[in-house]
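These notes are about the structure you will find just below.
Just so you know, these numbers come straight off a predicted model, no measurement behind them.
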Amino acid sequence: MTNGITGTIGRKSWGQRLSRGAFWLSLAGLVIALGGAFAAGADIIGKLAGLSSLGAGAMAALLGGVLALVAVIIHMRRGSGSTRHIMLALLLAAPLLGYVGYFFKTASGLPPIHDVTTNLDNPPTFAKLALRADNLDMVPDRGRADLQSLAPVDRWKTLHREAYADIKPLSVQSDVAATVDKIAAQAKARGWDVALVDKAAGRVEATERVSLYKFADDIVFIVTPDPANPAQSVVNARSVSRIGIGDVGVNARRIR
């Protein structure tokens, strides 16, 4: 009789431990991920360290979610375990794991590049903002034989043409100076840090900081007279991430 009671208490205690462990792991995962994001955004830690915290947080949340599911099974079979802790663990783990899953799913369908432009033959250059030193040094070939033999810059152009064929120069029905004013006004309205506005050169340069991590992406616009009508202008643009290999389509969306 005593052994039976002790066994029942032990099973209940085990269920309680699992459910509480699931809750604390899921909570820790969310805190680690958000803490890393806010710390990276405030430049307390590096951006890549912030991303690493997302991975660590996701792993903790995944383990917490798995333990919560095990606790659910134990609760259904034996009636042990805290349903409150189980539900909280699942509620905490789900958003973080969903975000990470969405991130990887989105990234898998996009080219591993971080530099997008309207003109691959003559990409706009930066005058005030500095293009990262290793900008096109590493462009993954994704195991494709047709890309493996290409130099990184040609690999970039091939992937760019395949994914972003719709991104082209824009014709604008205003002269260069007026168009530069419009671009600068749009950049400021979007909250970008405008680094340069040069009407004589037809140039605007700015930086946008993205997400909680405050990733810095630099953008340059080059405005030239339309050869067919000098009263109109043609706008070329280039948007480049300062860190990372891929950009999850952010630079392309910005230019579009």
Closest contact, heavy atoms only, [X] versus [Y]:
X	Y	result
A58	L97	O-CD2, 3.5 Å
G244	H114	O-ND1, 3.3 Å
A22	A68	CB-N, 3.4 Å
L90	G65	CD2-O, 4.1 Å
Y164	A252	CE2-CB, 3.4 Å
I245	P140	CG2-CD, 3.5 Å

For this session: Quick one: list whatever passes side-chain contact (heavy atoms from CB on, under 4.5 Å) with L131, sequence neighbours left out.
Result: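 L131 satisfies side-chain contact (heavy atoms from CB on, under 4.5 Å) with F126, N135, R238, V240 once adjacent residues are dropped.
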Problem set entry | Those residues that, when tested against D146, pass side-chain contact (heavy atoms from CB on, under 4.5 Å) (two or more places apart) |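 side-chain contact (heavy atoms from CB on, under 4.5 Å) check on D146 returns R144.
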For this session: Go through the steps to decide whether L159 and V139 satisfy the test side chain to side chain contact (heavy atoms under 4.5 Å, CB included), and finish with yes or no.
Result: CA-CA 9 Å; L159 290 169; V139 180; 3.8 Å; yes
Seminar exercise, completed: side-chain hydrogen bond (donor to acceptor under 3.5 Å, both in side chains) test vs N236 passes for just one of N122, T118, T224, namely T118
In terms of hydrophobic clusters joined by side-chain contacts under 4.5 Å, are [X] and [Y] together?
X	Y	value
V235	W192	yes
V70	L25	yes
V172	F221	yes
V194	V176	yes
M138	L136	no

What I'd like to find out is whether the side chain of [X] reaches to under 4.5 Å of the side chain of [Y], using heavy atoms alone.
X	Y	answer
D137	P152	no
I255	N251	no
R203	V180	no
D43	K214	no
T117	H160	yes

Problem set entry | Worked check of side chain to side chain contact (heavy atoms under 4.5 Å, CB included) between I219 and E205 | CA-CA 6 Å; I219 312 100; E205 296 182 20; over 6 Å; no
From [X] [atom1] over to [Y] [atom2], what is the distance, rounded to the nearest 0.5 angstrom?
X	Y	atom1	atom2	answer
R161	I167	CZ	CD1	13.5 Å
S26	I86	OG	CD1	11.5 Å
S53	I45	OG	CD1	5.5 Å
R84	M87	CZ	CE	12.5 Å
T83	L88	OG1	CG	9.5 Å

Checking the side chain of [X] only, and the main-chain atoms of [Y] only, is there a donor and an acceptor separated by less than 3.5 Å?
X	Y	answer
R155	L147	yes
S241	I243	no
H85	S19	no
K128	L196	no
W156	I113	no

Exercise. Does a donor on one side chain sit under 3.5 Å from an acceptor on the other, for D175 and S233?
Worked result: no
For this session: Decide whether D193 and T207 meet the rule of one side-chain donor and one side-chain acceptor closer than 3.5 Å.
Result: no
Donor-acceptor pairs under 3.5 angstrom involving side-chain atoms of residues 99-111: please list them, not counting sequence neighbours.
{"from": "T106", "atom 1": "OG1", "to": "Y102", "atom 2": "O", "distance (Å)": "2.8"}
{"from": "S108", "atom 1": "OG", "to": "F104", "atom 2": "O", "distance (Å)": "3.4"}
{"from": "S108", "atom 1": "OG", "to": "K105", "atom 2": "O", "distance (Å)": "2.7"}

For this session: Kindly indicate, with the supporting measurements, whether the criterion side chain to side chain contact (heavy atoms under 4.5 Å, CB included) is fulfilled by S174 and Q232.
Result: CA-CA 5 Å; S174 57; Q232 299 183 5; over 6 Å; no
Exercise. Picking from R253, R254, K47, R209, what satisfies salt bridge (charged side-chain N to carboxylate O under 4.0 Å, His left out) with D217?
Worked result: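 When R253, R254, K47, R209 are each tested with D217, the salt bridge (charged side-chain N to carboxylate O under 4.0 Å, His left out) holds only for R254.
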Exercise. Can D121 and K157 be counted as an ion pair, charged N to O under 4.0 angstrom?
Worked result: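 No, no charged N to carboxylate O under 4.0 Å.
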Problem set entry | Intermediate values then yes/no, side chain to side chain contact (heavy atoms under 4.5 Å, CB included), L96 and L54 | CA-CA 9 Å; L96 179 56; L54 175 62; 3.7 Å; yes
Problem set entry | Residue pair R132, D218: steps toward the salt bridge (Lys or Arg N to Asp or Glu O under 4.0 Å) verdict | CA-CA 10 Å; R132 52 189 279 190; D218 294 322; over 6 Å; no
